[in-house]
Amino acid sequence: MTAGVPGTGIGGLFYMIAAVLLPIRELRRRIRGLRAPWSTIAVQVALALGIFLGIWATGWLLGLLIQPAGVKTDFGSAVDIARRKTTNLVRWAALAAGFLNLSGVLLVTQVARLVVRRRRKKNAAALFLAFFLLSLPFALPTSGQTQAADLLRKADAAFKDEDRALAERLYRQVLALDAYQSRAVYRLGVLATDDRTALSWFRRYVELEPGDAWGWLAVGERLLKLGKAVEAVEALDRATQLAPGAEDVRDRSTKARLRAAPAIEPLLGGTEDSDGNSILCFGARGDIAVRGGLRLGGLLRRSMIGDGTAKAVLDEAGILVKGRPFQSFSLAGTAGLARFNAHDGKGWTTPEADLRLRWRPSTTSPSLDARLLRMPFGNSPLLVANRVMRNEARLGLEVPAGPVRLRGTARLSVIEAKGEKSNRRFQVDTSVSAPLTPQGEVSIQFHSLGFSRASAAGYFAPGRVETLEVGTYWSLEGDGRLSAEIDLGAGIQCLAKQNEEIGPWKTALRGWALLAFDLSSTVQLRAEAEAYSSPYAPIGVATAPDWKYGSINAGLLVRVR
Amino acid sequence: MAQGEKSAVSVTVIVPAFNEADTLADTLRSLAEQTVGLAEIIVVDDCSTDGTADVARSFGATVVRPPANTGSKAGAQSFALPLVRTDLVIAVDADTTLAADAIERLVPAFDDPDVAAVCGSVMPRHVRSVWERGRFVEYLFAFTFYKRVQDLYGAPLISSGCFSMYRTEALRAMDGWSTRTLAEDMDLTWTFYERGWRVRFIQDAVCYPLEPHDYGFLRKQLRRWSHGFVQNVRLHWRGLLGIPFLRSAVAVACWDAVVASVVYLGLLPLVAILLRNSYFLLGYVIDVPAIVIPVVVGAVRQRTVVRALLSIPSFFVLRTVNAVFFLEAVWTEMVRGRQLSTYEKGH
């Protein structure tokens, strides 16, 4: 077989130059004691020169052809000089374009070589060589065989003995000698401790062994774990084609299809607080998986707010996006419009948004959280009537420190309300958490917040609130139909109203839980509950001191196959 | 197979065959007529239904049959590899005949212990249809100029799958011919380089495969070659960067396969139409001398100058079709990410 389109493009030029340089290369080889017949080299050089002359003549002929027609061209006339310039231009332009193209391609090849191979072996001389592209042909290929096979046997033995560290080290050594040893690549995927690393190994494996259904299965499983359902479906489809009868392949494929399927979730919820405010909330949201680990969707929600005497309505409509587009980066966001309908019948529409970004390279490295939001305070008819909006920027850092994780978050909010100046709210949260199991942790937390001034818009704005508590968080997810997340905190809190001394420590309790129960393979019941009992609840808004608050929301997630 | 009084060489020939009863006899006859005696000829009857095995047995070849069709030439060849008991092994397509001295000319290259594979020149057995004529010119050009330069730089781009000799030890170290790409010969050649082996080209060792006599055959062949090339570039690009000359040759081939094809198929006619200047169409033949000179030199050696000159227009037709298939392969494999995996016959 042949590669490329022979004779077309820069290939001919490349081989012509290579042929012309053959005598120089041969002299160098002879110094090293190697030799090729001069006659063979001479034939190739003659061919190259013949081609060069042929192209030169063709350029000259084409120049003649494209000269201005119908002009008498007496020898020595200005037109004749112009014609000769034209023919020269054609020849030189053709050659220059070819050389430029070829130099560009060779330069890119060299840069790629330096970038890729520098990772394996730093070679300062290579940088020098990069500037001498045409000297490449003089170099001789390396020779000798590797010990990859022996190392592979040792690595396999270590893998069988479940000595994971040794097996990984040996498999890496195998790949250093033989980058295409597919079994070593696959085993490194199996040995990887996180899904991202495993995926990169398995992807490399299916490049090497595209006909192996179990390689595609491994790729699909890891993609699914990383939330890339659409890509997982493609990989698992490939596995299904290669092994149509394999039950585990079929099961994973079905699971991936479910994850990638459009989802609709009717919502219903309610809240009550100690101030007599209540909210009945209903609506729906839906989304669909798209490539890149993202889901796109929309949300419609109505909140009917009452305090026993007045009523208000808050309508929200927006688009949703969430997912993990890159290995170490995840996002979740909504953007849309909120419409306040106060009890006096006046309406107001304003944009709202909530964007959360998280950067976490690995489970053992520091991570950053950033959040920007603009949301309405819709806890009471008074807040709705005053069109109270919270604009907040939040930045959090989590650092692993031996057996514990240190977390710190700073939030700055600007609270807007009709008829009064903006109020600023600043909050700092710090915690030290210790994992008990992969599913759960305990923590000691300290929170401090304060508003810049009091407000008459319907929310409580203390000058300072400090909370010290013990918290615990659990994420319980297994192969069963029920999964849960629980976040509980208990501690003490003291607060100071604006321009007052700080008060005594009082008990502060909080709890949050999310339960998900699979009613069938396509229907999931979800319930979220939240409760606070503390002098000041550090959520979006509290309408009074010593506030108690409870909410429960339910959704029925239906995946449409 | 008895080889009479010929000097014997320690070489086994593997001939993969799937329904090749019509062509296999010529292949085996040419093997019988070699100037050196062969240790064994193994025909892998890949579950044929046309009497391929009977033809093979009538020539005294060892016939082996896998339990099920292997699905590719590589699979069939690898099936026979464990049976090879000689230091050298040759793979010959069942539609390919060899010049009588072809094998004898390949053997000395293995005096170099670093050589793992040696290939020879390829010439179409018949030069009748436009596609065969185009291929005739292409081979004259490539094997007279490109491949010899590649060999002098120690890096033939590919050891042709239709006829190549291998060091059995090296081949076994690779687990035989891989089925991971559609161009197993290119995959094997590049893997040899990556593992430190050398590959040689011997111009005077000539084989004669059947080339496409119609568009259907040509289409299968070009699809396999173009997709196989792209698959191998994707698979080996990191390793190739460490191999002098070859890295540049492959980069240039990639550039020509894509950019030159786009210029050839789209840019030239577009510019000619937009600027209303037909002179730009001369770009289609501007490299005629670059083609003609090596082709004539190669044809002089074979005493086929007139046939070669008459076939040159066919080459330009073939080149245009070739460009279409390469662009399709790059689009399908690189942009859409869909790998062609169905092996269709055509050497």
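Letters go in sequence order (proteins before strands), and every chain restarts at 1. As the structure is a computational prediction, the values presented were derived from the model and not from experiment.
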If only atom types and distance count, is the side chain of B/Tyr146 paired as donor or acceptor with the main-chain N or O of A/Gly12 below 3.5 Å? yes
Enter the distance from [X]:[atom1] to [Y]:[atom2] here, rounded to the nearest 0.5 Å.
X: B/Gln150; Y: A/Gln44; atom1: CD; atom2: CD; answer: 10.5 Å
X: B/Leu246; Y: A/Thr109; atom1: CG; atom2: OG1; answer: 11.0 Å
X: A/Glu209; Y: B/Thr179; atom1: CD; atom2: OG1; answer: 7.0 Å
X: A/Glu207; Y: B/Arg238; atom1: CD; atom2: CZ; answer: 6.0 Å

Looking at [X] and [Y], what are the two nearest heavy atoms and their distance?
X: B/Leu241; Y: A/Arg113; answer: O-CD, 2.9 Å
X: B/Pro294; Y: A/Ile51; answer: CG-CD1, 3.6 Å
X: A/Gly50; Y: B/Ile293; answer: O-CD1, 3.0 Å
X: A/Ala19; Y: B/Val149; answer: CB-CG2, 4.1 Å
X: B/Arg180; Y: A/Pro210; answer: O-CG, 3.2 Å
X: A/Arg25; Y: B/Leu152; answer: NH1-O, 2.5 Å

Name the option with the most non-hydrogen atom pairs under 4.5 Å to chain A; the candidates are B/Thr144, B/Asp175, B/Val258. B/Thr144
Of the listed residues (B/Gln203, B/His236, B/Arg234), which shares the most heavy-atom pairs with chain A below a 4.5 Å separation? B/His236
Between A/Leu53, A/Val105, A/Asp212, A/Val108, which shows the greatest number of heavy-atom pairs under 4.5 Å with chain B? A/Val105
Tell me every residue that passes side-chain contact (heavy atoms from CB on, under 4.5 Å) with A/Asp156, counting only those two or more places apart in sequence or in another chain. A/Leu152, A/Tyr171, A/Arg183, A/Arg187
Could you list the residues that satisfy salt bridge (charged side-chain N to carboxylate O under 4.0 Å, His left out) with A/Glu234, not counting sequence neighbours? A/Arg291
Less than 4.5 Å to any heavy atom of chain A: does that hold for the side chain of B/Val297, its backbone, both, or neither? side chain
Checking heavy atoms, do the side chain of B/Ala249, its backbone, both or neither come under 4.5 Å from chain A? both
Assign the ring pair B/Phe245 / A/Tyr15 to parallel, tilted or perpendicular, where the plane angle (0 to 90°) is split at 30° and 60°. perpendicular
